[in-house]
Structure formats: structure tokens, C-alpha cells
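Residue numbers begin at 1 in each chain, while the letters A, B, ... track the order of the sequences.
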Amino acid sequence: MNDDLKALKDQFTPKQKPLKVLENKREFSVARFSPCGKFLFAAGYDGHVHRWDSSSDEFNDITPALGGHNGWVQDVAFDAAAPAVYSVDTWGRLTRWDYAALGEQPQPKWSVETAHDGWITSVAVSPDGQLVATCGLDRAVRIWSAADGSKKHDFSNQPDDLLKVAFHPEGKSLVSGDLKGIVKQWDTASGQSTRQFDAGVLYKLDRLQDVGGARCLSFNADGSLLFVAGTKPVNGGNVQGIPTVLGFDWAGGSLKHTLELGQAGDVYVTDLRWHSAGFVMAAISGNPGSGKLVFRRLDDKEPFVLLTQIANCHSLSLHPNGTRLAVAGTNGGSNGNGKVVDKDGSYRGNWSPIHVLELPPQA
Amino acid sequence: MTSNPLCTPNDHRISRRELLGGMSCLAATVFGGGSLAGLADEPPKIKDKQVLFVWIDGGMSQLESWDPKPNTPFGGPFRPISTSVPGVQFSELLPRSARHMQHLVVVRNMATHDNSHSAGVPRIQRGDPKNRGVTYPFFGSAIAKLMGPGSSKLPPYVWIKPGNGGFIHADGGFLGPQYGALAFGDGKPPENILRNPTVSEDDDAIRNALRENANKRYATARRPEVNAANSYVYEMARKLMQRQDLFDTASFDPKDVERYGTHEFGRHMLQARKMLEAGVRFVKVNSYGWDTHGDNFIGHRNLMPKFDQGFAAMIEDLAVRGMLDNVLVIAMSEFGRTPRINGHVGRDHWPEAWSLVMSGCGLKQGVVVGKTNANGTDVDGQGYDIGHLFHTWFQALGIKSDEIEYDNHGQPLPIAHDDCFAVKEALA
């Protein structure tokens, strides 16, 4: 390991012992710090958005959880400047919460009950906070006014299920990724699709099942690289595949980087973000019990940080101060055929402990 | 088990190329040829009743199909939808089938024993009878034995499946290989079943005469049923040679192809309908890839619509043609999937409380049998084992499962688990 890489490792390797592990009775699809750093939000399979006070090391629950959703809350996204968070669920609802002053009976700023016909898979907020984008398994991408939830653009009738949306940092473009690994760029002003990127290596038809897809979309800080991540599928059913990140040159559209971050049992890159120090941070979840947190520079062969002690990492979120990382995982022993019961005989569900990791103080 | 000596290559050097899958050897070693106690040696001539058995291999999730539990701890992400029967809901992943609920019987209280595929698949398809030291036949083999090929004289038990085909003798269990499944890999006929174009009809007749002579020579040193098995399978194959239309998918109505789906399952279901229309007694259609331990929900979102398309089109067509009066339709897996969701966002194996669906011959219509508790973690009330379903299916087909027994060379064997009984609330 060269000095450069060693310095990165020293600077960004989380402490072995988490600052806090938030044990919950629920499973979460994502957990995210608010841009102000004072709150941690998590999207629950119980149809609620859960909150913690992250302004102290105690991470106390903030009750009640935010309701009004059905099925699962699949994703949350924040306005970078204003205290607004948007939540989406699997029954099609999009809701804005102004979280600075929710009180004891939280009410949404606005909510669109049928933003999509069914499962909304992703929500993103434009850099200027004016637009909210959603996509779903109804094969539609939609752009909404952040102010009042009115629909601005509707890109319906896309050829495949849509899994992810992300705004480009310059704010004029949106990208959407589908189950076949096709990523489309949309002009947010005109509502036109301008081009597409082929991440088809993240897809496979296995018997009847379309496996994989563009599960993560992200940009580096200056928007010169588009990252598309998921898995290079081996098979469906009990999905197996190699967690993979593709880096496309935004200007020219060519594929510049391919990062394979594990073995076939590691399966999905579930969450991805670019760190301004020049590396990608990836959460990985595959076979029950296997989970990875990977920090890797684009041109390196190996990660400089590889944590494997958190089972099934479903999301990662870097605190704005850069010294904390929230990783939503899954409890150990989450799988098993047949009936697993507690000592009292009750059927036991799984849950998502949120591991709050400490990074060394940043220079 | 018979005591027939093993055959030698010389015994059937001439004819074996023309026999399916090395049937001669298998017959000589396995053929048991159980008859039916209380009846003549000939199977009962129950005309026209047929079976379509749709096997969803790996385990369809009951929560993402026939028994949704929306907004409960294990209910998953999908919405429930109404069906054509008021008060009955399916997962939103079954919109087409929901429109045909008036023809269906949904059993929501299946409670079986095996949570592994290797044990569960044969155990379920053999009806999980009491252990009497024999290997029971798969349901298709049982029907082939109990009901025979019917007036079509076509093979009584055919299996349309992905992958390879061939003659699957093991399905026959103690009944012997004659009652195995004739499997069409990807719906294609067995290789070399057609007369080679370079062989004239006259030459073919000469070859057949030679084959018959060889068979007679072979039979002199074997028990009669061995030769009967060989001849039976060979004749079945020859019957198929006359029905090339069943395999000529290019001749299928494009509207049907579109309705059933151009995917593997849709193609196979349409071909199954053709087989049923041709009079095949028992048609099994397999779909593989349902063992969704990982990514269960995106997986089911992807798999279920294809099942739904082919299944609903089949029910619609059988209903329109009046065939549901005679065709018993069953769609099921070896078990369901766990309510709890594992770290790979998957569901594991769950025999405790799961669902299957049926329709047609001898059954009520638009009925839900049994229920699970609010969270879907247990059967609420009585559960049914696969033995109960075997009794139900036999009786729906007019076979008195509590009276008829197999006669395995003097050993009387019930045709379904003797501690189980037919599900009365499902029978018409």
C-alpha cells in the first residue's frame, strides 16, 4: 500500500466499535442524516418514517414516527438547504415533511396519494430544492413541484420497471435507471429524454426473471462522472451476482470505470455515494449475514476500507460533519427455513440495526 | 420389487434405438405393475376427465399471491386487489387471475411438513402417504394408472418443462416406469421420434416387423409386464408421431400466443392447452426459478405477472370452451415462503401456512378454503396436508380414494394418505 492510500485508510477507516447501534423492531430500506446533521431518518417496512435526534451521541428516538404511508416506505430524500424531507411508499404515495417543526402530531406539508400506480422505488430532490423526482414500478418517471406537490413532468410508459432517479449536480438534468440497466437522461426544463447510458451488464434474464438493474445512481462532486451500481447477476430466484459499480464519463457518455466489489454471494451494491476526498463509498448486501462497507478509489484494484462486520448493509449515510456514518443493516440469523420462534413461542421477525460508525476527525 | 434379471445389450440391440430413454432396462429392473384392488386389471374407464398440474418449482410466496396481508408486519410492499368474488382479495401481482376468481378454489390453509426442496418436491407430488416401504407414484403417474390414457390414446402423463425432456420413469414409483412422465423439454417432442425422412414407409414397416420380432425374443426371457411396458411406451411415442400439430408452435394462433405470453411459461401453458384439447389425460407444466431467498419482492414483481398471464389465459379458455367441467386445474409449489423477510430482502421456505389454487372438474367455484391468522404466520383453524388434497383431487375426478387401493403384487396400498380425507368445502 502506497503512502497515499495509507493516508486515506488512516483518515477514513471507521473505529472498530460503533458509536451507537440503534436497535429497532423494524426493518428499514434506508437511513439518512438530514443535511443539518441534527436528525437521522429511516424508511420503514412498517409504513412509517422513523426519526432520531443525531445532535447528541444518544440518538434518542423522536416520536411519533411519521405515518400516512402504506406498505413500505421505500426511500427518503432531503432538500439540501431547507428542512424538508420527502418520503415515498410502495403503494404510490409521495409526501413532504417540513421536519424542523413537526410537533407531537406531525402533519405533512403536502402529500400525493397516487403519485404512482404502486411501488415508488426512488425519490430525489433537485440541488436548488425546487423539484422532486420520483420513479416506480409503474414504469413512470415524474417530476413534482417541491412547493406544493403539483406535477411538472410525467415520463410514463417507459419500457421497463424503474428503480432509481438522481439529479445531476448542475440541476438541469435528471437520470433514471431501470431493471434492464438502461439509464436515461432527462432535461428537467423541457421534459425531454436527451440520451441514455447502457449499464446492461447489471442485468440478466434468468428463466422468467429479469434480475438486477440499475439499483444505485450517483454523481461525483463536480458531476463529471455518473455512477451506476447494482450487481452483475449470476442467477435469479435466490439472486446471486457480483456487486458492481460502473463509472460513466458524463460529458462523453463512455464507460470509464468498472469496479467489482465482491463475490457472487455478495450480490448488490445497495447504496453508493461519492466522497469529496476522491473515492466511492458503497454499501453491499447479499446472502443473509454477508454485508460489506467498501471505500475504494476508482483506479485502485482493492478497497482501502473493507468492513464486513455489519450484516446486509442496505444503506449508508455520511453525516454532514464527515465524522459519522450511519449504516442500516440486518440482524444476524435473519434467514432460515420454517418457523423460528422466540422463547415465548412467538414468531420472530427481523429488524434493521442502524450502526453509527465514527470516522477519524477530518482535517 | 420384481426379480427380473437385468437385460443385456444383445437382448435389444436392434430395437433399443427406437425405444424411449432405455426403457427396456428400466422396465426390467423397476417395473412393478401394481393393479387396482377390487377392480379388474384394466383401469376404470373414466372418460374425458383430465388434469392440468402447474408446478411452480421453488416456492411461490403466498403473501405475494393468493393470501395477501397488506399493512401487517410481514405483509410486504404490495397492495391487495379485489377479485371477481366480493370479499376475496389477491395480491396486486395477480390482476388477470383476480378476474377469474369465480372459477377458482383458493386453499389458504395448507400446512405440510418438508421445508427443503429435495425432500419436499417428491413428497408433495407423491401425496406424502404413510411409509409402507415403497415409493409412491407422482400424482401424474397415479392418474395415468388409475384413469389410463382415455379415448385419445395419447400418452396419459406428459410434462412440459424448461430444459431437457425425456422419459422420467422415476415418477412412476412402485407402479413401474410405464407410468412415468413423458417430458417435452421446452415443449419440443422427444428427439428422433419422427421417422427419418431417408427411411421410406415401406422400410419403416420392415424395421417395425424386425423390432416386433426382437421384442418377442426379448419377452420370452422376461416377465410379461416387462414387455408390456416396452410396448406401451413405444406405442405412446408412435401416437405422438401422428400429432405433430401439438408441437408446431408456428401454427398456433398469434392472438393466443400474445394472450398467454411469449415468455417460457406462457408458451408452455398454451402448448398445455393444446395437449388438453387433444385429450391428453394429465398435463404437467413446470416453471422454475421461484426460490426467492434473495430479492423476493422485485423477483415476484417480475415472476408473478408471467404466471398470472399464462394461468389466467388458461382458465379463461377452459371456461369458454366448457372444458372446466372435465379438466381439474391445480397450481401449486412444494411450499410457500416465510412471512419474515431476511437480510437479502428474501423469503425462505415455509410449509407451515401456505396457499394453492385449483379450478374445474368436480370442484366448487369462487371459493376460498381455510384461512391464516392476521399476520399470516399460522393457519387459523384446521390446516390441510397434501394427503387431504390428494383425496380431494381423486374424488373430484370421480375416483373413490377411500375405497380404491393399489395392489402392489399382493400388497394393498391406499392411493392417498389413509389418515387424511377429502376437503369437502372444495368439492362440488
Look at atom [atom1] of [X] and say whether more than 12 heavy atoms of other residues, nucleotides or ligands are closer to it than 6.0 Å.
| X | atom1 | answer |
| --- | --- | --- |
| A:E260 | CD | yes |
| A:D342 | CG | yes |
| A:Q309 | CD | yes |
| B:N164 | CG | no |
| A:Q158 | CD | yes |

I'd like to verify something: which residue of [options] has the highest number of heavy-atom pairs under 4.5 Å with chain A?
| options | result |
| --- | --- |
| B:G59, B:G346, B:G261, B:P339 | B:P339 |
| B:V345, B:T72, B:N296 | B:V345 |
| B:H263, B:K306, B:H300 | B:K306 |

Nearest 0.5 Å, please: how far is CG in B:L303 from CG in A:L208?
6.0 Å

Nearest-0.5 Å distance that lies between atom OG1 in A:T90 and atom CZ in B:R79
8.5 Å

Step by step, work out the side chain to side chain donor-acceptor pair (under 3.5 Å) result for B:N302 and A:D210.
CA-CA 6 Å; B:N302 203 257; A:D210 297 306; 3.0 Å; yes

Which heavy atom in [X] sits nearest to a heavy atom in [Y], and how many Å separate them?
| X | Y | value |
| --- | --- | --- |
| A:K339 | B:T377 | NZ-O, 3.5 Å |
| B:G343 | A:S285 | O-OG, 3.3 Å |
| B:P351 | A:G338 | CD-CA, 4.4 Å |
| A:V239 | B:H344 | O-NE2, 2.9 Å |
| A:G349 | B:F74 | CA-CE2, 3.6 Å |
| B:N342 | A:P288 | CG-CG, 3.7 Å |

Could you tell me which portion of [X] (side chain, backbone, both or neither) has an atom closer than 4.5 angstrom to a non-hydrogen atom of chain A?
| X | value |
| --- | --- |
| B:F78 | both |
| B:R301 | side chain |
| B:E352 | side chain |
| B:S287 | side chain |

Within-4.5 Å side-chain heavy-atom neighbours: B:I298 and A:L179:
yes

Tell me, for [X] versus chain B, whether the close heavy atoms (under 4.5 Å) come from the side chain, the backbone, both or neither.
| X | answer |
| --- | --- |
| A:D206 | neither |
| A:N331 | neither |
| A:W119 | side chain |
| A:V340 | side chain |
| A:D46 | neither |
| A:D266 | neither |
| A:Q209 | both |

Does one side chain, of [X] or [Y], offer a donor that lies under 3.5 Å from an acceptor on the other?
| X | Y | value |
| --- | --- | --- |
| A:Y347 | B:N375 | no |
| A:N337 | B:H349 | yes |
| B:D291 | A:N238 | no |

For the interface with chain B, which of A:D161, A:N235, A:L205, A:V211 has the highest count of heavy-atom pairs at distances below 4.5 Å?
A:D161

Whether A:R207 and B:D57 form a salt bridge (side-chain N of Lys/Arg under 4.0 Å from carboxylate O of Asp/Glu) is what I want to check.
no

Using atom types as modelled and distance alone, determine if a side-chain donor or acceptor of B:D348 lies under 3.5 Å from a backbone N or O of A:G336.
yes

Derivation and outcome, side chain to side chain contact (heavy atoms under 4.5 Å, CB included), residues B:I341 and A:W72
CA-CA 13 Å; B:I341 298 160; A:W72 294 351; 3.8 Å; yes

